[in-house]
Amino acid sequence: MNIAAVSFRAAIATAALAAASAAHADLTIPFGFTNSNSVQTFTDDNLAAYDLVNLTVTGAGTTTAVGPVVVGESNGTKNSKAFSFPITKIVIGSKLNIASGSAVGSALKFNRVDLDTGEALGFTLANFTIDYDKKVVLADVTPNGGAVALQQPIYLFNVATPLALKYKFPLTVTGHEVLDHLLLSAGAKTLFTNTLKLPEYATPALELEFGNLTQDISTTLRKTAVSGKPYVAQ
């Protein structure tokens, strides 16, 4: 019997009971040692728009590119279609709902070279949080060479497939969820436009859907736990 797995499930049960007894309490449960991941998949239109302005997106921290890699037709940029972020914690709300889930330590770097001026531009999004109450994805935002702004709204979303938990006797719990219609927040549109100095012809692409987020959670244990230490952009 896997004692660590049993202890983890007991901890979740204890947290749920505690939340039930505390009407206004939100309880944080570490998840970095479970095989739980969030994957963002961009659309083909997103990748074409990135290539049009010579923009590349790369993973940093605990992020893993899960491809496939798409080569742009305009400028030949190479961008992965999807990125995976280890889920490091969840927050249980007072109604025993999942109030939020986070991928602390994960990051995406958006970098653009202006082909007219040669100027290098970019920013980093890091330490992602899905806020289910407000239906928004948050991230730390750091413009290249600038100061970090913590937990800024990046995407609004729709719940396409609500989280459904499945129990496999005796120890395993799994869950699957899909969030779609990811739309940039007003602040994120300003971030893209100003920080990347996008040409006017490119701004309509900011109204596109930015793919979907798929969450697969499991109480099985990772071979190596993810620390959940916040990513700090350099």
Hey, does the side chain of [X] reach the backbone of [Y] with a donor-acceptor pair shorter than 3.5 angstrom?
X	Y	value
Asp26	Val91	no
Arg222	Asn35	no
Ser36	Ser218	yes
Thr203	Pro199	no
Asp216	Ser38	no
Thr88	Gly32	no
Asn54	Arg112	no
Glu207	Ala205	no
Asn111	Thr56	no
Thr117	Glu119	yes

Locate the shortest heavy-atom distance separating [X] from [Y]; write the atom from each residue and the value.
X	Y	value
Val39	Ala82	CG1-CB, 4.1 Å
Val69	Ser80	CG2-OG, 3.8 Å
His176	Val178	NE2-CG2, 3.6 Å
Asn37	Pro86	OD1-CA, 3.5 Å
Leu191	Leu125	CD2-CD2, 4.1 Å
Tyr231	Thr124	CE2-CG2, 4.1 Å

Rounded distance [0.5 Å steps], [atom1] in [X] versus [atom2] in [Y]:
X	Y	atom1	atom2	result
Leu179	Lys135	CG	NZ	9.5 Å
Leu196	Asn144	CG	CG	8.5 Å
Thr219	Phe33	OG1	CZ	10.0 Å
Leu47	Phe42	CG	CZ	7.5 Å

Less than 4.5 Å apart, side chain to side chain, heavy atoms only: is that true for [X] and [Y]?
X	Y	value
Leu206	Leu198	yes
Asn46	Leu208	yes
Thr41	Asn212	yes
Thr34	Thr220	no
Phe128	Asp140	no
Pro30	Lys89	no
Tyr132	Leu163	no
Val71	Thr77	no

key: Members sharing Leu156's hydrophobic cluster (side chains within less than 4.5 Å)   = Val136, Leu138

So, [X] versus [Y]: side-chain donor-acceptor pair below 3.5 Å or not?
X	Y	answer
Thr161	Glu177	no
Gln151	Thr129	yes
Tyr155	Gln40	yes

ask   = Could you walk me through whether Asp180 and Asn158 pass the side-chain hydrogen bond (donor to acceptor under 3.5 Å, both in side chains) check?
value = CA-CA 5 Å; Asp180 64 2; Asn158 170 69; 2.8 Å; yes

N/O donor to acceptor pairs below 3.5 angstrom from side-chain atoms of residues 59-67, sequence neighbours left out:
residue	atom	partner	partner atom	Å
Thr62	OG1	Gly105	O	3.3
Thr62	OG1	Ser106	N	3.4
Thr62	OG1	Ser106	OG	2.8
Thr63	OG1	Ala60	O	3.1
Thr63	OG1	Ala107	N	2.9
Thr63	OG1	Ala107	O	2.9

query = Who passes ring pair (Phe, Tyr, Trp, His ring centres under 6.0 Å) against Phe110, sequence neighbours left out?
reply = Phe123, Phe192

request  = Please report the C-alpha distance between Asp133 and Asn97 in whole Å, then the side-chain angles of each, then the deciding distance to 0.1 Å, and finally whether the side chain to side chain contact (heavy atoms under 4.5 Å, CB included) criterion is met.
outcome  = CA-CA 10 Å; Asp133 292 334; Asn97 62 309; 3.7 Å; yes

[X], [Y]: one ILVMFWY side-chain cluster at the under-4.5 Å cut-off?
X	Y	value
Ile90	Val159	yes
Val104	Val137	no
Ile98	Phe85	yes

